[in-house]
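For reference, the structure discussed in these notes is given below.
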Amino acid sequence: METKFNPSAIEQALYQSWEEKGYFKPSGQGDSYSIMIPPPNVTGSLHMGHAFQDTIMDTLIRYKRMQGNNTLWQVGTDHAGIATQMVVERKLAAEEDKTRHDLGRDAFIDRIWDWKKESGGTITKQLRRLGASVDWDRERFTMDEGLSEAVKEVFVRLHKEDLIYRGKRLVNWDPKLHTAISDLEVENKDKKGSMWNLRYPLADGVKTQDGKDYIVVATTRPETMLGDTGVAVNPEDERYQDLIGKDIILPIVNRRISIVADEHADMEKGTGCVKITPAHDFNDNEVGKRHQLPMINIFDKDAAILSQGESYDFTGKAIELDAPIPERLHGLDRFAARKAIIAEFEEAGLLEEIEDHSLTVPYGDRSGVVIEPLLTDQWYVRVAPLAEPAVQAVKDGEIQFVPKQYENMYFSWMNDVQDWCISRQLWWGHRIPAWYDENGQVYVGRDEAEVRAENQLADDVKLTQDEDVLDTWFSSALWTFSTLGWPEQTPDLKTFHPTDVLVTGFDIIFFWVARMIMMTMHFNKDENGKAQVPFKTVYVTGLIRDENGDKMSKSKGNVLDPIDMIDGIDLESLVEKRCGNMMQPQLAKKIEKNTRKAFEAGIEAHGTDALRFTLAAMASTGRDINWDMNRLEGYRNFCNKLWNASRYVLMNTQDQDCGYGDNQDFEYSLADRWILGQFENTVKTFTDHLDNYRFDLAANTAYEFTWNQFCDWYLELTKPVLNSGTEAQQRATRYTLITVLEKLLRLMHPLIPYITDAIWKNVAPLTGVNQDTIMLQAFPTFDANKVDEAAMADLDWVKQFILGIRNIRGEMDISPNKPLNTFIKNASAEDKRRLTENQGFLQGLAKLESITVLNEGDEAPVSSAALVGEMSILIPMAGLIDVEAELARIDKNIEKIAKDLARVEGKLKNDNFVSKAPAAVIDKEKAKLAEMQTAISKLEEQKSTIKAL
RNA sequence: GGACGCUUAGCUCAGUUGGGAGAGCAUCGCCCUUACAAGGCGAGGGUCACUGGUUCGAGCCCAGUAGCGUCCA
């Protein structure tokens with residue numbers, strides 16, 4: 001083995017071999033354990049957040065696989081409607097200067113499939129590099145035939161049950177992408193803008209209480225006044241009591257509208273009068289429904305002004321209501337129209353005031369343009385009936401969120417859930433299985449033939465399919481069961497559903513998790529007819545942010561590619577990667593500057609295992625996780641430490657008798673017995689943490705044992721034995737070395753699969769195991785019989801002894817190479833036993849020339865002393881230690897202890913404490929006090945001895 | 001405006017039922033000792049945001065304040 005761990009030399013070959021040999025497939029043995037990967041967007045590539053979640057999933061799957069479960073990790077991708085369509089449209093524009101309309105729907109969709117074939121492999125390559133043990137043969141895509149069947153089936157059934165309906169409703173319209181989007185795809189941003197106060201003239205000579213012939217309404221979107229169908233005042237508002245029911249002549253269009261009383265009008269805000277535009281504002285829409293006001297749409301699909309308003313009654317039915325718009329405004333974009341309308345108000349003396357105003361503006365998360373509420377025909381899922389059992393399942397604990405706090409987030413959204421707009425005006429996606437005849441009558445069915453048959457439509461009735469497609473989340477809501485073959489009742493569905501755990505970020509609890517629970521429970525029942533949940537546990541991860549705590553995003557240019565953490569990348573390539581092919585090229589300079597500053601020397605290679613270990617170690621319960629390159633480096637060093645420790649073990653065990661042969665003559669050292677027990681305790685703690693989804697604590701446990709116990713102490717303690725022990729002693733130590741290392745590798749394999757398998761291949765044969773891979777070996781189990789408490793206590797004493805000497809060496813600048821003569825004072829019978837038994841360890845690790853036990857009354861040379869309980873270890877100062885320095889060292893120690901002592905003393909003098917605290921606590925404090933008193937008196941004694949010189 | 005979360009060492013973060021403040025990185029000192037300088041040994045460093053309450057005892061429980069963040073309106 002090389003002296004440095006080189007991940008690139010082992011990783012890809014190992015993965016290939018695991019995959020080829022089919023190790024990732026369900027074994028078909030044992031209890032099933034399944035995880036469905038949250039399907040990443042096929043257009044994209046995995047970012048650090050994916051790497052984080054995938055590491056956790058792989059750790060769980062490998063852990064359960066080693067525990068003997070029949071494990072399935074289902075992999076796949078999502079067709080990502082808008083995102084994918086946009087990517088291919090942009091490519092088409094750049095390379096051929098064509099739009100999708102030039103190609104036509106079918107040809108365009110063919111292009112998307114071509115593109116997917118070409119670049120859809122990015123994600124699967126990345127997943128392989130991360131070591132993900134997914135069953136590739138079952139890889140699925142939301143647009144696959146099988147999944148498309150499931151989507152159709154669900155749509156048709158929900159429609160039959162009246163849980164899907166079509167209606168003219170106000171939706172969030174993206175005027176750039178020409179599609180409706182759901183509430184969740186809207187990003188609300190705080191902006192500074194203006195509030196325009198407009199005068200609306202009263203009709204029929206009516207006057208306000210203060211004698212004016214107009215009222216004033218305030219608006220942030222003046223252009224929508226063209227579609228006003230009322231003005232609301234608060235019913236309690238005394239100022240306007242006598243105006244309720246009176247009319248207004250709407251300026252510019254000269255349409256007559258009424259004043260209604262509605263609580264939506266806030267008396268405190270502005271003048272207390274609110275213009276009502278039911279076709280262009282969600283709140284106004286509600287007001288309109290309450291007062292049965294008509295709706296007038298004034299925008300086309302680009303959000304430009306129509307030449308004639310389109311009128312509907314409050315239910316969305318078209319009505320004959322003349323809503324002319326002056327020709328000078330026709331075709332104006334909404335923002336141009338805003339300017340023009342303000343100018344006209346001003347000219348007419350109807351502009352009362354413009355105030356600065358901060359407001360929340362909705363933006364499309366994909367297009368980045370301002371969303372316009374627009375009346376359109378859309379398909380909706382009636383969510384309330386589906387939500388009820390979905391809420392109950394979480395309340396009953398059938399589904400548990402980890403950490404639990406996220407249940408609140410789920411409940412708060414579910415309790416106020418809106419109907420879900422599922423139609424999208426796109427070409428890429430699952431086409432809605434609905435057909436229209438020439439009268440606009442709609443028929444829903446699995447295909448056209450079924451529609452004709454079910455509705456007795458003659459062959460000459462012309463039917464056309466709905467042009468729209470379904471929201472991508474509609475198909476991903478079916479993910480846990482559609483991937484297993486539903487609607488067929490397949491054996492896979494029976495075996496692996498419900499799945500065990502869903503690993504995801506809190507940002508998609510609404511988008512995905514909630515909808516998955518609703519859909520799954522509605523369509524999947526167990527043999528008793530009880531609704532089946534999609535998963536038993538939802539493990540919610542935090543979001544990975546950059547080193548400044550900012551969200552990683554392409555437009556900020558602070559995204560990190562997990563592959564760059566693994567392989568490293570030079571600065572120029574990183575700059576190119578971040579600045580090339582941007583949607584907003586003007587940001588490139590700034591991003592380049594920030595990148596050059598943050599990664600002066602590029603990024604070094606760290607390997608997959610270090611990346612995975614880092615991600616696991618950062619998986620605490622918080623909502624934000626700030627990425628830290630320093631930690632990655634630290635854990636790379638950890639991998640190197642493990643590598644070198646293994647080299648040491650192998651050097652001392654290969655081609656030697658490790659006790660796995662016939663000769664069973666063993667004589668274990670204290671260190672052997674101690675490390676065996678320490679390891680068992682580590683297994684227990686590590687397993688508990690994994691079972692509780694505390695990957696951070698599990699990683700710390702593994703790190704602490706490996707570095708601070710196994711390497712720092714145990715390996716050092718084997719050296720005296722291997723150098724000068726008897727054959728039986730050496731055999732026992734070799735046995736312990738190789739056994740503990742082999743088990744440790746198995747323990748850590750789920751976290752760091754590559755390095756553990758690579759080392760294990762060398763280690764296992766020495767324990768008599770000749771198999772191909774660690775990943776199919778049993779996970780270590782805790783064995784209480786191997787925990788030797790006496791050995792633990794004895795070794796603790798040995799450590800304290802050695803630490804005492806090292807502390808004096810360190811503080812007094814005595815070279816670690818200088819052998820020391822020591823004297824022992826006040827040794828108890830037990831101390832003497834421990835001294836005798838462990839002389840080799842003490843001399844070896846503390847580098848001692850001699851240890852002389854002083855009897856009562858023996859003269860000791862003037863020395864510096866270290867304490868182990870009552871016993872003192874003396875190092876003669878002559879020629880080594882300066883008197884002043886030693887006095888200072890003693891004072892420092894006394895001072896430190898005295899501070900603590902005072903506190904404990906105070907506690908014990910407090911009658912309240914002594915009478916009310918539990919006896920165990922008091923005893924502990926008393927013992928502590930005694931110990932500190934002894935220590936101080938010994939130190940004082942030492943001091944006076946030295947001073948007496 | 002409403003809801004939730006966060007504030008612990010220079011940095012990134014742990015801290016289980018309330019009972020002696022921890023880790024990694026960074027810093028300082030000494031060491032190229034035959035597993036490892038991506039290392040070894042030793043050391044320093046905290047008013048646990050602030051104020052008050054409950055308690056014998058609070059980083060932890062309760063109330064309030066400030067700052068930051070996320071979601072919703």
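Keep in mind the model is a prediction, meaning the values are calculated, not measured. Throughout, protein chains are lettered first and strands after them, A, B, ... in sequence-line order, and every chain is numbered starting at 1.
As rounded to the nearest Å, B:U8 and B:G46 have C1' atoms that lie 8 Å from one another. If you take atom C1' in B:A73 and the same atom in B:A58, they sit 37 Å apart, rounded to whole Å. B:A26 and B:A38 have their C1' atoms separated by 16 Å, with the value rounded to a whole Å. With both ends at atom P, the span from B:G19 to B:C32 equals 46 Å, rounded to whole Å. If you take atom C1' in B:C71 and the same atom in B:C25, they sit 33 Å apart, rounded to whole Å. For B:C62 and B:C4, the P atoms lie 13 Å apart once the distance is rounded to whole Å. Using atom C1' as the reference point in both B:G64 and B:A43, the two lie 42 Å apart (nearest Å). B:U7 and B:U16 are spaced 12 Å apart, taking the P atom of each and rounding to whole Å.
A side-chain donor from one of A:Asp672 and A:Thr733 sits under 3.5 Å from a side-chain acceptor of the other. Judged by distance alone, the side chains of A:Tyr648 and A:Thr718 do bring a donor and an acceptor atom under 3.5 Å apart. Side-chain N/O atoms of A:Ser864 and A:Arg889 include a donor and acceptor closer than 3.5 Å.
Pair check for B:U17 finds none; no Watson-Crick or G-U wobble contact set falls under 3.5 Å. Shown here, B:U34 forms no base pair; nothing in the strands shown gives a Watson-Crick or G-U wobble contact with both key distances under 3.5 Å. When Watson-Crick and G-U wobble pairs are counted only if both distances are under 3.5 Å, B:C25 pairs with B:G10. Taking a pair to require two hydrogen-bonding distances under 3.5 Å in either a Watson-Crick or a G-U wobble arrangement, B:A49 pairs with B:U65. For B:U70, the paired base is B:A3 (Watson-Crick or G-U wobble, both distances below 3.5 Å). Using Watson-Crick or G-U wobble geometry with both donor-acceptor distances under 3.5 Å, B:U54 finds no partner in any strand shown.
Both tests hold for A:Lys395 against A:Phe411: distance to the six-membered ring centre under 6.0 Å, angle to the ring axis within 45°. The side-chain tip of A:Arg545 does not point at the ring of A:Trp627 from less than 6.0 angstrom away and within 45° of straight on.
Look at CD1 on A:Ile805: it is 12 Å from P on B:G42, rounded to the nearest Å. Rounded to a whole Å, the CE atom of A:Met812 is 12 Å from the C1' atom of B:A43. Atom-to-atom, CD of A:Gln709 to P of B:A23 comes out at 13 Å; the value is rounded to the nearest Å. Rounded to whole Å, the distance from CG on A:Asp923 to P on B:G19 is 17 Å. In this structure, A:Asp696 atom CG and B:C13 atom P are separated by 12 Å, rounded to whole Å. In this structure, CH2 of A:Trp713 is placed 10 Å from C1' of B:C41, rounded to the nearest angstrom. Distance A:Ile922 CD1 to B:G57 C1': 11 Å, rounded to the nearest Å. Taking atom CG on A:Asp900 and atom C1' on B:G20, their separation rounds to 7 Å, with Å as the unit.
In this structure, A:Phe401 and A:Tyr410 have tilted ring planes: the angle between them lies in the 30° to 60° band. Ring geometry for A:Tyr703 against A:Phe638 counts as parallel: the plane angle stays under 30°, on a 0 to 90° scale with 60° as the upper cut.
Closest contact between the side chain of A:Lys928 and the listed nucleotides B:G20, B:G19, B:A14 involves B:G20. Checking B:C56, B:G42, B:G20 against every side-chain atom of A:Glu811, the shortest atom distance belongs to B:G42.
Under the 4.0 Å criterion applied to side-chain N and carboxylate O atoms, A:Arg221 and A:Asp281 are assigned as salt-bridge partners.
A:Val361 places a side-chain heavy atom less than 4.5 Å from the side chain of A:Tyr363.
For the pair A:Met618 and A:Met932, both in contact range of RNA chain B, the more 5′-proximal nearest nucleotide belongs to A:Met618.
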Base-contact (B) and sugar-phosphate-only (S) positions in nucleotides 24-40 of chain B, heavy-atom cut-off under 4.0 Å, - elsewhere: SS---S---B-BB-BSS

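At the heavy-atom level, A:Ile808 lies nowhere under 4.0 Å from the strands shown. Counting any heavy atom pair closer than 4.0 Å across all strands shown, A:Leu803 reaches sugar-phosphate atoms only and no base atom. Within the nucleic acid shown, A:Arg694 comes within 4.0 Å of sugar-phosphate atoms alone, with no base atom in reach, counting heavy atoms only. Note on A:Arg903: only backbone sugar-phosphate atoms sit closer than 4.0 angstrom, heavy atoms only; bases stay farther off.
Distances shorter than 4.0 Å separate some side-chain N or O of A:Lys896 from OP1 or OP2 on B:G44.
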